[in-house]
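Please read the structure below before turning to the comments.
The figures here come from the full heavy-atom set of this structure, side chains too, leaving out hydrogens, waters and symmetry mates.
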Amino acid sequence: MTTTVKETTLAGIPVKRGKVRDVYDFGDQVLLVSSDRISAFDWILPSCIPDKGRVLTQTAAFWFDFLQVPNHLITTDVSAMPLPVGTDLAVFEGRSTLCKKTKVFPIECIVRGHLTGSGWKEYQKSGTVCGIKLPAGLLESARLEEPIFTPTTKAESGHDMNISFEEMVATIGRDAAEILRDRSIDIFKRGREYADARGIIIADTKFEFGLLNDEIILIDEVMTPDSSRFWPKEQYEPGRSQPSFDKQFVRDWLLASDWDRNSTPPELPDDIIEKTREKYRDAYRLLTGKTL
């Protein structure tokens, strides 16, 4: 199985390569290119997941259109992008988003609708999630009566750090903090309701926002299998961890391996690559009613 993809390159255009995406700077616009790279535990894995970048790009584009909130999307049509003459468009097709450039708020806006992951671990110890007190007696993966907003820092490398809402206020100001919180919860609720009707539970997710001409707009990716926990509704059962459509499947395989998380990660087996690919594609199909 081929597990690598041709790297995107645009001669003369400044580029910043992240764990998953390449960001090209076009002055007042940026081009986001989602690769098939996959990361886990702050490592970029040596294996790629075919179609992953296309799923992320097209899922986010679907949500931008569905949500109808101010956002950074200009186009996902590569023929309408200001790419240099001679660019191999096939490399960029389906995985590229031309966006308005914004001043990015240094905050990850996390919204949690279920008790899982690090939140579940904290709850078992203290009855809280990111310092927010929750009712006693909740089970793992329990749906929260109301989603909770748990912001983090936006780290350039390494781990993002949990912060309180008041710490967020101190960082970006109260007015902006309240807008980011309220808009994040509203978007999450609307997205969760839509996905639930199509067989997907969005357990939690993260949003990012930027400032453009004094307007706060939604940026980055939106409710994708990389920025969210997607669970199959028909298999949901509180009291245990859940099967998922996202890269938790890869994390679970790595945790079960003998990798120490301090050295170069191992190659993923072909069956793990293919199953992960299927999960990403299934999530896209269920959400949008389309196939890649």
Side-chain angles (χ1 to χ4, degrees), residues 5 8 15-24 29-40 44 48-49 51-78 81 92-102 104-113 151-152 154-156 160 180 183-184 186-188 190-192 194-195 200 202-210 212 216-230 244-248 250 276-277 279-288 290 292:
V5 293
T8 59
V15 60
K16 177 181 178 182
R17 297 195 184 278
K19 292 177 182 175
V20 172
R21 289 186 303 182
D22 301 334
V23 183
Y24 292 90
Q29 300 175 346
V30 292
L31 178 65
L32 306 182
V33 183
S34 295
S35 74
D36 289 343
R37 298 189 296 268
I38 188 166
S39 65
I44 299 174
C48 290
I49 308 299
D51 292 329
K52 178 174 175 286
R54 296 167 65 211
V55 166
L56 299 183
T57 296
Q58 294 176 48
T59 299
F62 164 79
W63 284 120
F64 282 129
D65 179 65
F66 174 84
L67 293 166
Q68 292 295 298
V69 297
N71 65 73
H72 71 170
L73 175 63
I74 297 173
T75 185
T76 57
D77 179 359
V78 294
M81 296 177 184
F92 294 86
E93 184 68 45
R95 62 178 70 248
S96 304
T97 307
L98 186 66
C99 306
K100 305 166 190 172
K101 184 188 286 187
T102 69
V104 179
F105 288 99
I107 301 291
E108 299 274 3
C109 295
I110 314 296
V111 184
R112 302 171 186 261
T152 73
K154 181 175 167 56
E156 289 295 324
D160 299 328
L180 266 59
R183 196 170 295 178
S184 295
D186 173 67
I187 292 170
F188 175 78
R190 291 199 283 138
R192 178 175 66 175
Y194 173 90
I200 292 179
I202 303 180
D204 55 31
T205 195
K206 69 96 177 171
F207 301 111
E208 293 188 39
F209 294 89
L212 179 64
I216 294 175
I217 65 175
L218 183 63
I219 65 170
D220 197 60
E221 59 183 324
V222 181
M223 290 183 286
T224 72
D226 263 21
S227 65
S228 319
R229 282 187 174 91
F230 284 2
S244 70
F245 289 110
D246 53 55
K247 64 181 179 180
Q248 188 61 42
V250 170
T276 305
R277 179 191 192 188
K279 285 177 178 290
Y280 275 82
R281 288 172 63 97
D282 284 347
Y284 176 76
R285 175 181 55 80
L286 287 170
L287 281 175
T288 68
K290 301 176 182 179
L292 290 175

For [X], give me all partners under side-chain hydrogen bond (donor to acceptor under 3.5 Å, both in side chains), at least two apart in sequence or on another chain.
X    : value
R112 : T150
K247 : S39
T59  : none
N71  : none

task = Check the pair F92 / L31 against side-chain contact (heavy atoms from CB on, under 4.5 Å), numbers first and verdict last.
result = CA-CA 10 Å; F92 294 86; L31 178 65; 4.3 Å; yes
Worksheet entry | Given R37, K19, K52, the one that forms salt bridge (charged side-chain N to carboxylate O under 4.0 Å, His left out) with D226 |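 Only one option passes, and that is K52.
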Which atom pair, heavy atoms only, marks the closest approach of [X] to [Y]?
X    : Y    : value
T102 : G210 : OG1-CA, 3.4 Å
D220 : H72  : N-CE1, 3.0 Å
L287 : F62  : O-CZ, 3.8 Å
F188 : A203 : CZ-O, 4.1 Å
Y284 : T288 : O-OG1, 2.8 Å
G191 : I202 : O-CD1, 3.9 Å

- request: May I ask you to decide whether D282 forms a salt bridge with R285, counting only side-chain N to carboxylate O separations under 4.0 Å?
  value: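 Looking at D282 and R285, the cut-off is met.
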Distance check, rounded to the nearest 0.5 Å: [X] atom [atom1] versus [Y] atom [atom2]?
X    : Y    : atom1 : atom2 : answer
K154 : K206 : NZ    : NZ    : 5.5 Å
L98  : L32  : CG    : CG    : 8.5 Å
I187 : T205 : CD1   : OG1   : 9.5 Å
R281 : D51  : CZ    : CG    : 4.5 Å

Report task. Output all residues satisfying side chain to side chain contact (heavy atoms under 4.5 Å, CB included) with V15, sequence neighbours left out; order by chain, then residue number. Result ->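 Checked V15 against side chain to side chain contact (heavy atoms under 4.5 Å, CB included); matches are R17, D22, Y24.
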Any chance you could lay out the side-chain contact (heavy atoms from CB on, under 4.5 Å) test for Q29 and K100, step after step, and finish with the verdict?
CA-CA 5 Å; Q29 300 175 346; K100 305 166 190 172; over 6 Å; no
request  = Could you tell me how the ring of Y194 sits relative to the ring of W63: parallel (under 30°), tilted (30 to 60°) or perpendicular (over 60°)?
outcome  =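 It falls in the perpendicular class, over 60°.
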Query - Those residues that, when tested against F105, pass ring pair (Phe, Tyr, Trp, His ring centres under 6.0 Å) (two or more places apart) - result: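 Checked F105 against ring pair (Phe, Tyr, Trp, His ring centres under 6.0 Å); zero matches.
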Original post:
What do the steps show when you test R190 against V69 for side-chain contact (heavy atoms from CB on, under 4.5 Å), and what is the final call?
Top reply: CA-CA 12 Å; R190 291 199 283 138; V69 297; 3.3 Å; yes
